[in-house]
Amino acid sequence: MRPDIPRPGRSAELRHALPVVVVAVLLVVGSLGLGAAVAPVAADAHGGTLVRTVDDATLAPGESTTVTVEINASERGNFTVVEALSPGFASVELVDDDGADFSGVRDANDELFATYGDRENVTLQYRVTAADSAGATTHELTGYGDFGLEDTRATTTGDGEISVSADGGSSVTRSVDDATLAPGESATVWVNVERDRAANFTLVEEFSPAFGSVEIVDADGADFSGVRDANDELFATYGDRKAVTLVYEVTADNDATAGTVYEFDGFADVNGSESPTAGTTEIDVQEASDDGDVSAARSIDRATLEPGGSATVRVAVDRDRATNFTLVEEFSPAFGSVEIVDDDGADFSGVRDANDELFATYGERELATLVYEVTADNDATAGTVYEFDGFADANGSQSATGGSGEISVQASDDGSGAVRSVDDETLAPGESTTVRVEVDRDEATNFTIIEEFNPAFASVELVDDDGADFSGVRDANDELFATYGDRENVTLVYEVTAGDDAGAATAYQFDGFTDVNGSELTIGGTDELDVQSGSDDNWDLTRSADDTTLEPGESTVVSVEITGNETTNFTLVEEFNPAFASVELVDDDGADFSGVRDANDELFATYGDRESVTLQYRVTAGEDVNEDASYQLDGFAQFDADGTEMDVDGVESLTVGSDGVAGGGGGGGGGADDDDDDDESGDDDDTDDGSSDTPESTDSPDDGDDEDTDDDNGDDGGDDSGDGDDGSDDDSGGDDDGSDDDSGDGAPETATPETDTPVTTTTDTPVPGFGVSVALVALVLGSVFLARRRTN
């Protein structure tokens, strides 16, 4: 029989060991707290990318544009975006802060910020406005994002400046219908303004000496206009306009002497920046004729033509009294064609068949304007000069027609100077693409771009006509046009959409040209769009796994292969139900952005301009997953070009099998050493000794020892006291159940996980101090065992 142990003695020994135990426990708790406090900091240190785009990088004074910053964090968390503007703008306004927790603009309009909590991807938009009085200025845009608790900083890339031009590019031209006046006679003046973009501006016209009278005929919708009482100046103010035509009439003073010259000086004022007015700059005064001679002046809208090109001619007649007269115009050499456009009510008019002469007869008229069009011969060579010679015959008295007197021929362009480019030359049914036609000419001229499509598209939409005077798309979606006046360089942008029912063999043909005064020049570049079947036939998405059956707590690598026949932008998303214990990206194959959700139920990877990728990731089953459970894998790829989504094919689930222990056993009795575990787990001796409720102790025959079964306390201390030195062997072997025979019988030990203690799996961030914590736990247990051994 085991001798009775005095209880007071044991209590005394334990009392001496208690301080050691308490200190050890406090160290354990502190180390675990340190690990818990440090772990979130490591997990919250993340970065990201920021990309800035500017809608319009060039502004006129007073104009505005929108700036967009796309922020993509490497993982969900807190971050702050800062944008600095140097120098500051007249105003800065947040358009959309995408749900920021805090955002604002500095009073100096040179900085703004937006703070986000627990976000991953956001889009920040703000609008800047140049000062009305701004001169030529370049605003620098810089910015950054601070991510995570450690403020990992990433610099914003993309568009970095906005230029302010005092004048956004304007053409101001003056023309006069009669450059010679008699005293008291009048002339009409036109001032044409054409700008690259709309702006506020004021037209000013000054006259020296002052006219007898100045009258505004048509202010073309000016906000304000007027003439000074001295008849030496007028003005017209316009708001947010691109093109205007101001018409006014000037009258020579009745006392003006022959030889007087009225000089014009004018400009367009855009927020303090003046653009001088070009064109006619003076009107001469001649003495009035008592015999009623005719004063006729010729004006031509173009001084040069290409072979086959046309020009419009005006002959204005102004008499001091009504009479009968005939206008005659002669051309040398003859034009390719001559056509009267408007004879202004002539009694008779006509063109000679040889295209070298025309006439128009008027009865009892003071004023008349004859308009006709001449076209250079298609075979005209460079350097040819068409000369005009004309007169007005009033009752047999001829007065020579003044004004412009010739048109020269220049060589035709070798090419159109127009080139077509297409973003995507292959479309699926229903898909769209953007087309650009760029015109680059040696000199400014009037021209029209015409684009024809065969067959017609499902839709055609003008995206940007680059300030065309007129533009449009035919209802049949088989043609569009855009007309430009006095331009050298333009870029026409439009979008075409293939029909939903377009077959795979459909080819859309482009046929276009630029019409320069009747001369058609073919547009070069891309001339065809091919239709292929939908994206499903062009891409292959397949999932595979190294092992489709897992044990609880076991991992496997999953691969997703994506292959296509053309490069494009797309995002792959993989979803898991239920969530895994852990998901880890092994190889994202150079993805622009990729990540795993904290819940381990989803991951994503975004690729730009790629054709084939292979994504690999590792999943780990939970250790407490029920046998015969399964994880469902569901994924898709979304293509940016048209938003098409395609499902991933291949392996769709991973099953969970037996853990290899709970279902073990079944072996017969045997004397072989390597079967000891199986024999012991089913040994009748274990059930006879009444210890079957402790599976951990059934793997040793010595567990049936009388000393163990007779110990009412059932604790490890009884085993240690009965086995003597064997108890120390158990401690050194790390056998927590106190079974000293396991360390000494030579049989391999099978570790059996404890099913009544849930296992928590930590995946990405190791907890600092964990190893120290384990060591301190061992110190506590050792202290208890030491105290008990001293008591014994």
Side-chain angles (χ1 to χ4, degrees), residues 171-193 202-219 225-236 245-269 274-303 313-321 327 366-370 388-392 394 397-407:
S171 172
V172 187
T173 306
R174 180 190 305 108
S175 60
V176 179
D177 69 346
D178 194 345
T180 304
L181 296 179
E185 286 188 334
S186 301
T188 301
V189 185
W190 291 267
V191 179
N192 292 305
V193 179
T202 298
L203 284 179
V204 177
E205 289 280 85
E206 299 172 345
F207 320 113
S208 178
F211 281 98
S213 71
V214 178
E215 178 185 357
I216 293 177
V217 177
D218 183 1
S225 62
V227 179
R228 286 225 315 184
D229 293 340
N231 290 318
D232 61 350
E233 186 177 322
L234 66 79
F235 77 96
T245 299
L246 171 68
V247 184
Y248 61 94
E249 185 178 78
V250 294
T251 303
D253 195 270
N254 291 326
D255 298 331
T257 59
T260 300
V261 177
Y262 289 98
E263 294 182 348
F264 293 79
D265 187 15
F267 56 87
D269 184 305
E274 297 180 359
S275 299
T277 303
T280 304
T281 60
E282 62 181 35
I283 290 179
D284 299 330
V285 176
Q286 293 182 356
E287 190 67 43
S289 174
D290 292 335
D291 58 8
D293 285 346
V294 179
S295 173
R298 180 189 306 108
S299 62
I300 306 172
D301 68 348
R302 297 195 64 200
V313 185
R314 290 176 173 83
V315 179
V317 178
D318 188 358
R319 294 176 52 81
D320 57 351
R321 59 183 182 272
L327 285 178
E366 288 186 39
L367 304 173
T369 301
L370 171 67
F388 293 76
D389 188 12
F391 57 89
S397 177
Q398 296 182 358
S399 299
T401 301
S404 302
E406 65 181 32
I407 291 177

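No side-chain donor-acceptor contact under 3.5 Å links N231 and S213.
With hydrogens and angles ignored, the 3.5 Å screen pairs a side-chain donor or acceptor of T277 with a backbone N or O of F267. Panel note: side chain R174, backbone V191; no donor-acceptor pair is recorded below 3.5 Å. With R298 contributing its side chain and S404 its backbone, the two residues share a donor-acceptor pair below 3.5 Å. One N or O on the side chain of D177 and one on the backbone of T188 form a donor-acceptor pair closer than 3.5 Å.
For the atom pair CD (E263) and CD1 (I283), the distance works out to 11.5 Å, reported to the nearest 0.5 Å. With values rounded to the nearest 0.5 angstrom, D301 atom CG is found 8.0 Å from I407 atom CD1. Rounded to the nearest 0.5 angstrom, R319 CZ and E185 CD are separated by 10.5 Å. How far CG of N192 is from OG of S175: 6.0 Å, rounded to the nearest 0.5 Å. Rounding to the nearest 0.5 Å gives a distance of 9.5 Å between CD of Q286 and CG of L181.
Contact record, A256 with Y262: CB-OH, 3.9 Å, taken as the closest heavy-atom pair. Here the closest heavy-atom approach between residue V285 and residue A182 is recorded as CG1-C, 4.4 Å. When all heavy atoms are compared, the tightest approach of G184 to N254 is CA-OD1, 3.1 Å. Residues L327 and A296 share a closest heavy-atom pair of CD2-CB, 4.3 Å. Of all heavy-atom pairs spanning V176 and A187, the tightest one is CG1-CB, 4.1 Å. Among all heavy-atom pairs drawn from S225 and I216, the shortest one is CB-CD1, 3.8 Å.
In terms of the side-chain hydrogen bond (donor to acceptor under 3.5 Å, both in side chains) criterion, T180 has no residue partners (sequence neighbours excluded).
The shortest distance between side-chain heavy atoms of T245 and D218 does not fall below 4.5 Å. In this structure, the side chains of T260 and D253 stay at 4.5 Å or more apart for every pair of heavy atoms. At a threshold of 4.5 Å between non-hydrogen side-chain atoms, the residues V204 and E233 count as touching.
Among V172, V193, L234, V217, the single residue meeting the side chain to side chain contact (heavy atoms under 4.5 Å, CB included) criterion with L246 is L234.
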(message) Assess the residue pair F211 and Y248 against the criterion (ring pair (Phe, Tyr, Trp, His ring centres under 6.0 Å)); give the C-alpha distance rounded to whole Å, side-chain angles, the decisive distance to 0.1 Å, and a yes or no.
(response) CA-CA 12 Å; F211 281 98; Y248 61 94; 8.4 Å; no

- [ ] Determine, step by step, whether F388 and T401 satisfy the side chain to side chain contact (heavy atoms under 4.5 Å, CB included) criterion, reporting the C-alpha distance in whole Å, the side-chain angles of both residues, the deciding distance to 0.1 Å, and the verdict.
- [x] CA-CA 9 Å; F388 293 76; T401 301; over 6 Å; no

